[in-house]
Amino acid sequence: MQEDKHEAIMELAKRRGFFWQSYEIYGGVAGFYDLGPLGVRLKEKIISLWREFFVKKHAHIVVEIETPIIAPARVFEASGHLEHFTDPIVECLKCGRKFRADHLIEEKLGIKAEGLSIEEMTKIIREHDLRCPVCGGPLSDVKLFNLLFKTTIGPYSSNTGYLRPETAQGMFVSFKRVYEVSRKRLPLGIAQIGRVARNEISPRQGMLRLREFTIAEIEFFFDPEEPVSDDMFRELLDQLPRRKIRILTVEAKKKGEEKPFEINIEEAIREKLILTPWLGYWMTVAQEYMHALGIGYDEMYFDEKAPEERAHYSAQTFDQLVRVSRYGWIEVSGHSYRTDYDLSRHMRYSGEDLRVFKQYKEPLVVKKKHLLWDKAWIGRTYRSRAREIFEALSRMNPEEVLKQLEEKGYLEIAGAKIPKDKIKIVEKEEKITGKRFIPHVAEPSFGVERILYAVLDHAYTVKDERVVLKLPRLVAPIDVAVFPLVKDENIIQVARKIWLSLMNNGFYTIYDEEDSIGRRYARVDEIGVPAAITVDYQSLEDNTVTLRDRDTWEQVRIRINNVVDAVRDFLRGASLDDIKHKYG
RNA sequence: GCGGCGGUCGUCUAGCCUGGACUAGGACGCCGGCCUGCCAAGCCGGAGAUCCCGGGUUCAAAUCCCGGCCGCCGCACCA
């Protein structure tokens, strides 16, 4: 049955036009999927709900941008992807098989090869005359296999560009400008929804592992010393219907635990199970988001990744797992604490100062010990070496100097001996108006196509041998269907008028007069249309129509004048009873 | 990339082992018409298949053989 459900979903997806494999007429290419008419609508609604949860509801701390898919090589040198997203491989010149070069060297020679350059590895292979482990043929030079898609920018082949494997770098690279236009406030979340590409070696599992897909993510920048004020955090948490999340920590796994446990988010942060409040906060929002998409709280949890499982930039990562029928627990989002890794790398590679300055509410007055030395005496005594001595002195810690002077009566520095009476230590008040630092980053990152699959998996139900796609009303690709009960000219006229008015009021609407009414209900149930308006003979007499609920198949009568408002309320979650009382 | 299994109308499938009567059968869906007073009713008619692609064997290939592509499962890989 579990297997059948997956098959049934894939079949439904193809048959009704949610998605299918790309380039079908050319035999297909692994890792690429087309979205059909319904798939596009569903995806758009999933994305707009994401935007609702993560951007709109946080408009005071999150802004959204859009950056290119193609970036110059330098960006991925800085990000570490060219280095870490790459595997060194050698090819057998005889049989054509490919091997991980570093693994081969380690395996055959016991030499640690990880991190060596391709030249070094090639040299080792030549020196030891390593050959193909399968056929014994000679090996090629070590080459890099990179999961980044490569391209050329402009007419010069030397100008290499890469397709981004994540949208994140766009936010880091443009951080300074976005920070500027956001009036230099922290915390600041920069969101982006966009396509990414990864040249996976062997993608499988349909929509779950694609070579090109859509990511929705936030790079959330904050001050690591004061991530968030108590007031702000309380206010944010108060907006959430639920503060508990289910997590499975690395620590718990070490103890043999396999099941997640439930914990209050504040407690998890306090207990340092989650390293920064923001990571925890966005995980909680992620939980609400998936819940709004029809996933039960007990059908998801956050799985902490062990250090060796984490990406190179991450200090802590939780994967949000959701249960689906075929594959068990699948990852729909990743929550990483990227620290200041990315910004500091881009600082180094670009030479731009990406630190932010934070002014204290009141300047800090610090008493600080300063060294004063007798420049005249040192100059006279050491002449040309004086400058060097001054510099060395300025680097000294006053406490250290004090200690030496107490013990020995003089200070030995840069080959010079300075007597106690030539050095003075004074305490000075210093005003510190603020600090300059590299913000830290918490990143919630969602794979949209995976969410789409998970949503379908959870929405798929069978009722009386009919498929009913119980998509949450908010994300259903089609909002409402309009049917004349039978093909009666008068009824059709009324129905078409209602259909047009719904369409013109912003609803995705289906009108259908073919076949029996039952068959039409069945058709729209199968693609998850939440509401159906049916015009019947009574409509002609009293100007009412019925509104049918996809999930219960129950109907209420409402006045024709109220159809638009009733549908709007219904899609926002109103019950049939409410609709009846308000619009009946 | 390795190993196993598979690929036939839009969808699901029969046929393949044992080559020929296959003009490739069925169901659902789709299109046209009739009918229909609320949950895939019925009747009539119709369209729809490079049998994944390429090569080979044979008088003859959906069927046998080889290579490729794609899918699923296991291994490897998976920022």
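Lettering of chains follows the sequences in order, A, B, ..., and the numbering in each one begins at 1. Scope of the values below: all heavy atoms of this structure, side chains included, with no hydrogens, waters or symmetry mates.
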What is the distance from [atom1] of [X] to [atom2] of [N], rounded to the nearest Å?
X      : N     : atom1 : atom2 : value
A:F213 : B:C78 : CZ    : P     : 15 Å
A:L12  : B:G10 : CG    : P     : 18 Å
A:L147 : B:C77 : CG    : P     : 13 Å
A:I25  : B:G10 : CD1   : P     : 13 Å
A:R557 : B:G37 : CZ    : P     : 16 Å
A:D515 : B:G33 : CG    : C1'   : 12 Å
A:M10  : B:C73 : CE    : P     : 10 Å
A:I533 : B:C38 : CD1   : C1'   : 14 Å

When both hydrogen-bonding distances must be under 3.5 Å and the geometry is Watson-Crick or G-U wobble, what is [N] paired with, if anything?
N     : result
B:G67 : B:C53
B:C59 : B:G20
B:G74 : B:C2
B:C12 : B:G26
B:U36 : none

From B:C39, B:U11, B:G37, nucleotide with atom closest to A:Q555 side chain: B:C39
Proximity to the side chain of A:R209 - top-ranked nucleotide from B:A40, B:G37, B:C78: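 The closest nucleotide is B:C78.
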Output yes when at least one side-chain N/O atom of A:S516 is less than 4.0 Å from OP1 or OP2 of B:U36, else no. no
Quick check on B:C30: is either OP1 or OP2 less than 4.0 Å from any side-chain nitrogen or oxygen of A:R16? no
Distance between [atom1] atoms of [N] and [M] (Å, rounded):
N     : M     : atom1 : value
B:A61 : B:U50 : C1'   : 15 Å
B:C72 : B:C35 : P     : 48 Å
B:A14 : B:C28 : C1'   : 15 Å
B:G19 : B:C51 : C1'   : 15 Å
B:G25 : B:G67 : P     : 32 Å
B:A40 : B:G29 : P     : 12 Å
B:G15 : B:C2  : C1'   : 33 Å
B:C30 : B:A47 : C1'   : 9 Å

Establish whether the base of B:C39 is bridged to the side chain of A:R520 by a donor-acceptor pair shorter than 3.5 Å.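 There is none.
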If the plane angle is over 60° it's perpendicular, under 30° parallel, otherwise tilted; pick one for A:Y313 and A:H81.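 Tilted: the ring planes of A:Y313 and A:H81 meet at 30° to 60°.
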Using 30° and 60° as the class limits, which term best fits the ring planes of A:F222 and A:Y337: parallel, tilted or perpendicular? parallel
When the ring centroid of A:F54 is compared with that of A:F446, is the distance short of 6.0 Å? yes
Taking the six-membered ring for Trp and the full ring for Phe, Tyr or His, determine whether the centres of A:F483 and A:Y521 are under 6.0 Å apart.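 Yes: the rings meet the under 6.0 Å criterion.
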Nearest-nucleotide wise, let me know which of A:R519 and A:T534 is further upstream toward the 5' end of RNA chain B.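 Going by which nucleotide is closer to the 5' end, it is A:T534.
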Using the closest heavy atom to pick a nucleotide of RNA chain B for each, name whichever of A:L485 or A:E24 lands nearer the 5' end. A:E24
Is the ring centre of A:Y537 under 5.5 Å from the base ring centre of B:G37, and are the two planes under 30° apart, so that they stack?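 Whether judged by distance or by angle, A:Y537 passes, so it stacks on the base of B:G37.
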Using a cut-off of 4.0 Å on non-hydrogen atoms, how would the nucleic acid contact of [X] be classed: base, sugar-phosphate, or nothing?
X      : result
A:S79  : nothing
A:A522 : base
A:Y26  : nothing
A:R548 : base
A:I517 : sugar-phosphate
A:H81  : nothing
A:R523 : sugar-phosphate

Quick check for you: to the nearest 0.5 Å, what is the distance between [X] atom [atom1] and [Y] atom [atom2]?
X      : Y      : atom1 : atom2 : result
A:R41  : A:I478 : CZ    : CD1   : 6.5 Å
A:D319 : A:M283 : CG    : CE    : 10.0 Å
A:Q192 : A:T67  : CD    : OG1   : 3.5 Å

Can you name the atoms? Protein N/O to nucleotides 70-72 of chain B N/O, anything below 3.5 Å, with the distance.
residue, atom, partner, partner atom, Å
B:C70, O4', A:G27, O, 3.2
B:C70, O3', A:Q21, NE2, 2.9
B:C70, O2', A:Q21, OE1, 3.3
B:G71, OP1, A:Q21, NE2, 3.1
B:C72, OP1, A:Q205, N, 3.0
B:C72, OP1, A:G206, N, 2.9
B:C72, O3', A:R326, NH2, 3.1

Flag the pair A:K305 and A:D303 as a salt bridge only when some basic side-chain nitrogen lies within less than 4.0 angstrom of an acidic carboxylate oxygen.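 Here A:K305 pairs with A:D303 in a salt bridge, since their nearest N and O are under 4.0 Å apart.
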Do A:R164 and A:E217 meet the salt-bridge criterion of a basic N to acidic O distance under 4.0 Å?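 Salt bridge absent between A:E217 and A:R164.
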Check: A:Q316 side chain, A:L275 main-chain N or O, donor-acceptor pair, under 3.5 Å: yes
